[in-house]
*Asks:* 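What follows is a single structure, and I will ask about it in a moment.
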Amino acid sequence: MRIPFFSAIHESAQRCFAPRANVRPQSIGVVISTYNHPAWLEKTLWGYFAQDFHECPLELVIADDGSTHETRDLIDRYRNETGWNIRHVWHEDRGFRKCVILNRAIRESSSEYLIFTDHDCVPEPKFVEKHYRYAAPGFFVSGRYSKIPLSPSQNLTREDIQTGRAFQKSWLVQNGFFPSSRKCPVQPPWRSTLCNLLTTTQATWNGANSSGWKKDLVAVNGFNEDMTYGGLDVELGYRLENLGVHGRQVRYSIFCLHLDHGRPYCNPEILAQNRVILQNTRRKKIVRTPHGLD
């Protein structure tokens with residue numbers, strides 16, 4: 001979504017460089033949504049096991065929209081091997097009910113601050129640390145992802161992730177992906193800061209790479225369970241904005257690699273219904289959905 005250039009610059013400056021209160025999360029949870037793709041989920045878990053983050057307790061919450069036992073077996077194996085605090089929140093497969101399982105994950109998480117992502121989004125080594133650093137009262141954090149083709153998605157190994165080379169342009173090129181400068185995952189720090197300031201893209205909540213305080217998510221009653229695929233994350237962000245919790249646009253500073261996959265659940269009729277909900281949320285300044293956490 002685009003907004004007038006100069007007002008966008010002013011908003012970006014305020015939100016990128018907003019004064020930080022001396023408040024840090026005392027605990028962080030990463031909520032990873034998944035459905036029947038253990039191969040991609042495993043690569044994403046490798047990314048979290050390789051995180052360079054030691055500031056506070058970290059839990060992983062797998063929000064599982066009805067996967068079969070292969071996913072459960074994978075999670076159990078890594079929980080036993082690593083000793084990590086990994087919660088597997090599952091419900092029966094009755095169609096696309098991502099909002100329902102995400103709300104349950106929010107309820108069951110014990111963390112003060114929550115990062116939201118998907119099973120096909122492999123985080124850079126400082127992904128969690130950067131979300132922690134940008135967390136501030138009255139804000140949510142909006143990052144981005146770099147979508148890579150199927151071949152490098154399949155070729156991605158645990159060593160590629162642990163060493164960090166998978167997030168370098170040279171590795172992507174060697175594996176058949178030639179990102180433009182704008183889409184390249186890694187940016188020099190000075191360029192990331194400048195691009196965050198100059199972008200005219202609004203800071204929206206996105207399911208691949210966003211974070212916020214659990215108390216704020218509870219205040220808006222979580223995800224709107226009337227929505228299925230298409231806009232469910234953005235709608236949550238609208239309600240946070242209506243509450244007075246604003247997005248911090250740091251899309252060029254925090255990123256993950258988005259592995260390739262199809263979307264058989266994409267339905268034009270449902271997308272149209274979701275657009276109506278989105279428009280209604282914005283027009284009426286709705287803060288709390290009646291069909292959410294409670």
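FYI, side chains are in, hydrogens and waters are out, and symmetry mates aren't considered; it's all heavy atoms of this structure.
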*Asks:* What is the minimum heavy-atom distance between Tyr132 and Pro25, and which atoms define it?
*Replies:*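 For Tyr132 and Pro25, the tightest heavy-atom pair comes out as CE1-O, 3.5 Å.
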*Asks:* With side-chain contact (heavy atoms from CB on, under 4.5 Å) as the test, pick out the partner of Val30 among Ile62, Ile115, Ile86, Leu114.
*Replies:*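 Among Ile62, Ile115, Ile86, Leu114, the one meeting side-chain contact (heavy atoms from CB on, under 4.5 Å) with Val30 is Ile115.
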*Asks:* State, without any angle test, whether Asp118 and Ser33 hold a side-chain donor-acceptor pair at a distance under 3.5 Å.
*Replies:*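 Yes, a side-chain donor-acceptor pair sits under 3.5 Å.
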*Asks:* When you measure from the side chain of Trp90 to the backbone N and O of Ile101, does any donor-acceptor pair fall under 3.5 Å?
*Replies:* no
*Asks:* Only one of Arg248, Lys126, His131 passes side-chain contact (heavy atoms from CB on, under 4.5 Å) with Ile254; say which it is.
*Replies:* His131
*Asks:* Please confirm whether the ring centroid of Phe49 lies under 6.0 Å from the ring centroid of Trp84.
*Replies:*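 Yes, they do, as the ring centres are separated by less than 6.0 Å.
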*Asks:* Any idea how Trp205 and Phe223 line up, ring-wise: parallel (<30°), tilted (30 to 60°), or perpendicular (>60°)?
*Replies:* perpendicular
*Asks:* Mind listing the closest non-hydrogen atom pair of Leu156 and Ala166 along with its distance?
*Replies:*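 What the structure gives for the nearest pair is CD1-CB, 3.3 Å.
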*Asks:* Would you tell me whether Glu70 and Thr68 have side-chain atoms, one donor and one acceptor, within less than 3.5 Å of each other?
*Replies:* yes
*Asks:* Check the side chains of Ser109 and Glu59 for a donor-acceptor pair under 3.5 angstrom, ignoring hydrogens and angles.
*Replies:* yes
*Asks:* Describe, in one word, how the ring planes of His37 and His119 are oriented to each other, choosing from parallel (under 30°), tilted (30 to 60°) and perpendicular (over 60°).
*Replies:* tilted
*Asks:* Per the side-chain contact (heavy atoms from CB on, under 4.5 Å) rule, which among Thr281, Leu243, Val245 passes with Val287?
*Replies:* Leu243
*Asks:* Please determine whether side-chain contact (heavy atoms from CB on, under 4.5 Å) holds for the pair Ser253 and Tyr134, giving the CA-CA distance in whole Å, both sets of side-chain angles, and the decisive distance to 0.1 Å.
*Replies:* CA-CA 10 Å; Ser253 296; Tyr134 280 108; 3.5 Å; yes
*Asks:* Would Arg97 and Glu225 pass as an ion pair if we require N to O under 4.0 Å?
*Replies:*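 So Arg97 does not pair with Glu225 through a salt bridge.
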*Asks:* Spell out, as yes or no, whether a donor-acceptor pair under 3.5 Å connects the side chain of Gln26 to the backbone of Cys56.
*Replies:*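 Checked: no pair found.
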*Asks:* Do Lys98 and Asp65 sit within salt-bridge range, that is, some charged N less than 4.0 Å from a carboxylate O?
*Replies:*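 Looking at Asp65 together with Lys98, the answer is no, because their closest N to O distance does not fall below 4.0 Å.
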*Asks:* So, for Phe127 and Phe167, is the gap between ring centers shorter than 6.0 Å?
*Replies:*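 Ring centroids of Phe127 and Phe167 are no less than 6.0 Å from each other.
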*Asks:* Heavy atoms, side chains only, cut-off 4.5 Å: are Trp213 and Val23 in contact?
*Replies:* yes
